[in-house]
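Below is one structure, written out as structure tokens; comments come after it.
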Amino acid sequence: MMPKALSAHSNISASPAFMQNLRDIAEITPLLVVLLGLFGGAVVLGVLQSFGYAPWFGINEFPTTEYYERLWLSSDFWVSLGLTLYYGFAATLIGLVLSVPLSIALSKKFKASRLFGALIRLPLMVPYTVGIALALVMLGNGGLLSRISAGLGLIDDPSQFVQILKTHWGCGIIAVYVWKQVPFMTLTLSAVLARKGEDTVEAAMVLGASSRQIFWRVTLPQIMPGIVSASLICFAFNIGAFEAPFILGGGYPDTLPVLAWRYFQDANYAFQLQGMAVVVSLALVSGVFLGAYLLGYRRWERARGRV
């Protein structure tokens, strides 16, 4: 009889928890419906358009792969894809290289730590388009750096300044991306360090580990989850950004977001379906890269015995 009594008691005690779960689900259901309706509906509609379904434009060729075939068989598409990935990878990598030591410094206490933290956060309060305007003012051939160089006699005329903007090397684009994302990465990593504490670092120091060993064997593994999450967010933003490549880029061939915008701006409505094919292609490529990145990180964690 004792097992039955325990079972009845557990059912009674589990009932309030079950009802609480139902209430929690009921509370977030309206939000989920709105998010799925707006985001999911837009995704489905975009995919349908890329396959030729747009009756409001008088076009109903569904299902057709014509727009993807025309896009993928063009060499310009692959050049645009390469530029998009290059800007995204380069800016994310440079941002990480800068953010890791900055986050370690931000987690320390020193005389000017408050000022240092305020300067790190400053770009977060400046709009993205203002950063692009600053790049034009600072790095252009008639900009501040070119005039300073001419004033110092390094060049004869500001127009002789090295071309930084409006090239496919994308130095200006990458600089704007890095300028905007380094504070975000730094604060993310410093938050991870603050949560982990200094106990393991102090233990490694007591055991005689050098600064390099502490970084590679203690600090870096600790902040790796923050590195993964911050780099994923920044990379996704970089490859989908439109303003910086459009204003600071080298022109044709453009990055994929700019290419899609040009299709959407065309007077011929049929080109909007081609633009949707560009957007869906970019989403597929980014999804593959992000999925491979997460899979690689999971395998790395499994090899360390942490998963």
Might you point out which heavy atoms bring [X] and [Y] nearest each other, and give the distance in Å?
X    : Y    : answer
L248 : A135 : CD1-CB, 4.1 Å
A260 : V278 : CB-CG1, 3.9 Å
G117 : L106 : CA-CD1, 3.6 Å
T84  : L256 : OG1-N, 3.0 Å

Margin query: Applying the side chain to side chain contact (heavy atoms under 4.5 Å, CB included) criterion to S103, which one of L193, L187, V182 satisfies it?
Written below: L193
Note to self: Applying side-chain contact (heavy atoms from CB on, under 4.5 Å) to T188 and M185, what does each step give before you reach the verdict?
What the structure shows: CA-CA 5 Å; T188 300; M185 287 185 171; 5.7 Å; no
Within 6.0 Å of [atom1] in [X], more than 12 heavy atoms from elsewhere:
X    : atom1 : answer
W179 : CH2   : yes
R299 : CZ    : no
K166 : NZ    : yes

Could you tell me whether the side chains of [X] and [Y] share a donor-acceptor contact shorter than 3.5 Å?
X    : Y    : value
Y293 : S231 : yes
Q163 : T167 : no
Y53  : Q49  : no

Check: Should D266 and Q272 be marked as a side-chain contact (heavy atoms from CB on, under 4.5 Å) after you check the CA-CA gap, both sets of side-chain angles, and the distance that decides it?
Finding: CA-CA 8 Å; D266 197 281; Q272 293 199 19; over 6 Å; no
Aromatic plane relationship, [Y] with [X] - under 30° parallel, 30 to 60° tilted, over 60° perpendicular:
X    : Y    : result
Y68  : W72  : tilted
F235 : F289 : tilted
F242 : W261 : tilted

Next item on the list: Output, in order, the C-alpha distance, side-chain angles, deciding distance and verdict of side-chain contact (heavy atoms from CB on, under 4.5 Å) for V100 and T186.
Entry: CA-CA 7 Å; V100 170; T186 301; over 6 Å; no
I'd like to know if the side chain of [X] reaches the main chain of [Y], judged simply by a donor and an acceptor atom lying under 3.5 Å from each other, with no hydrogens or angles considered.
X    : Y    : result
H168 : D254 : no
T64  : G52  : no
S107 : S190 : no
S229 : G226 : yes
Q213 : S210 : yes
K180 : G131 : no

Next item on the list: Walk me through it: do Y86 and W169 pass the test side-chain contact (heavy atoms from CB on, under 4.5 Å)?
Entry: CA-CA 9 Å; Y86 159 62; W169 286 106; 4.1 Å; yes
